[in-house]
Amino acid sequence: MWQAPPAPVSREWLPVLDMPAPAEQNRWTVLLRLLLLIPQFVVLWVLSLVAFVVTVVGWFCALVLGRLPDFAATYLSSFVPYEARVTAYLMLTVDRYPPFRFSAPEYPVQVGLRPGELNRLAVLFRIILVIPASIVQGLLHAGWWMVSFIIWLVVLVLGRMPQPLYEATTAILRYQLRYTAYLVMLTSAYPKRLFGEEPGSEPEPVSATRPLVLSGGGRGLVVLFLILGVVSWATSSVTASVNTDDNDDNDLNPTQHVMAPLLPGPS
């Protein structure tokens, strides 16, 4: 009996995120997580400004060369893992404080990147092509942060992040990593596999997140974060619309403009 030939195996390489399994965390570092990260936020802000300039210059060069120039690939390949380490610590997946340096082979969060040849047409329209992925990662983060206080309380009380929540959070972290890597042209692979890989997709597990296999609870939380992100976006849109309407009404109310200078306090 004739059988269809096997489907070709995709050899597309995606940026990888290696993280350890969820472990016990120091409740004091969980309690003070945002305060502890203030120096990192300052450093990351400065590095982000440099990364923006390097990305713009690299974009023009990639249009000509078909790849990022060495200086851009080197800097961005260091910046993206640095950002990933800080974000992983911020989102309570690890308890070890991220170091203030680019090279950190001993840190539990590791990122794999392979800058290479780029499609010039995809580079030209990169900002347009990345819009769908930008929306997805924006909704994911908005949804996660909507319930971040509850997540913080759970980790603070339990002293660790529950497995389904850890799976969903690392899925968000990995998707953000792949989105950023695609945006800054460190990869030609579009961000994908938000819900992880199928069991057995890799012969031997490399880390707790490679392959990233989500349980039913983990997948459910990812969906929940997406829904909450949509709710957050809709709420923000309605609030902005109401504020705009109020401002328009105030502009049409001459009494307020006449009385305002007569009232005490700032106008």
Side-chain angles (χ1 to χ4, degrees), residues 14-59 68-115 134 137-138 140-142 144-145 148-149 151-152 155-156 159-161 165-166 168-187 191 206-210 212:
L14 290 162
V16 297
L17 176 67
D18 288 322
M19 294 180 60
E24 296 293 328
Q25 298 199 36
N26 186 313
R27 289 180 173 85
W28 279 108
T29 62
V30 174
L31 178 67
L32 304 174
R33 187 64 50 102
L34 287 176
L35 290 176
L36 293 172
L37 275 172
I38 290 177
Q40 288 285 3
F41 292 152
V42 175
V43 172
L44 194 58
W45 178 74
V46 175
L47 295 177
S48 298
L49 294 179
V50 178
F52 174 77
V53 175
V54 171
T55 300
V56 172
V57 176
W59 181 80
L68 282 176
D70 290 341
F71 79 91
T74 300
Y75 179 81
L76 294 172
S77 294
S78 300
F79 166 75
V80 171
Y82 190 104
E83 181 185 45
R85 292 192 293 266
V86 174
T87 307
Y89 185 74
L90 171 65
M91 297 180 75
L92 304 171
T93 55
V94 292
D95 192 49
R96 185 172 175 180
Y97 195 82
F100 288 95
R101 61 180 186 273
F102 281 148
S103 178
E106 78 291 346
Y107 194 73
V109 178
Q110 293 294 316
V111 171
L113 297 166
R114 295 180 185 175
S134 176
Q137 73 93 23
L140 286 168
H141 277 273
W144 194 95
W145 282 104
S148 60
F149 181 73
I151 295 173
W152 175 76
V155 178
L156 184 62
R160 63 183 298 136
M161 181 172 279
L165 181 57
Y166 174 83
T169 304
T170 53
I172 295 174
L173 288 170
R174 192 180 71 163
Y175 192 87
Q176 179 187 2
L177 163 68
R178 291 177 174 178
Y179 160 77
T180 305
Y182 182 78
L183 178 64
V184 300
M185 296 165 292
L186 286 174
T187 180
V206 178
S207 67
T209 56
R210 184 158 49 125
L212 181 60

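What you see below is based on every heavy atom in this structure, not just the backbone, and it leaves out hydrogens, waters and symmetry mates.
Ring geometry for Phe79 against Tyr75 counts as parallel: the plane angle stays under 30°, on a 0 to 90° scale with 60° as the upper cut.
The local environment of CZ in Phe41 is crowded, with over 12 non-hydrogen atoms from other residues, nucleotides or ligands closer than 6.0 Å.
No donor-acceptor pair closer than 3.5 Å links the side chain of Thr55 to the backbone N or O of Val184. Without hydrogens or angle criteria, Arg85 side chain to Pro99 main chain gives no donor-acceptor distance under 3.5 Å. Checking side-chain atoms of Ser48 against main-chain N and O of Leu44 turns up a donor-acceptor pair under 3.5 Å. Side-chain N or O atoms of Thr87 include none that pairs as donor or acceptor with a backbone N or O of Ala84 at under 3.5 Å. Within the 3.5 Å criterion, the main-chain N or O of Arg96 finds a donor-acceptor partner in the side chain of Tyr107. Using modelled atom types, no side-chain atom of Thr187 and backbone atom of Ala181 make a donor-acceptor pair closer than 3.5 Å.
Asn26 contributes atom CG, which lies 10.0 Å from atom CG of Leu31 (distance to the nearest 0.5 angstrom).
With contacts defined as side-chain heavy-atom distances shorter than 4.5 Å, the pair Val111/Pro15 does not qualify.
The two residues Tyr89 and Thr29 have their closest heavy-atom pair at OH-CB, 4.1 Å. Residues Val109 and Ala88 approach most closely at CG2-CB, 3.9 Å, considering heavy atoms.
The side-chain hydrogen bond (donor to acceptor under 3.5 Å, both in side chains) check on Arg174 picks up Glu197, with sequence neighbours excluded.
Using a 4.0 Å cut-off between charged nitrogen and carboxylate oxygen, Asp95 and Arg27 do not count as a salt-bridge pair.
Looking only at atom types and distance, the side chain of Arg210 has no donor-acceptor partner in the side chain of Gln110 under 3.5 Å away.
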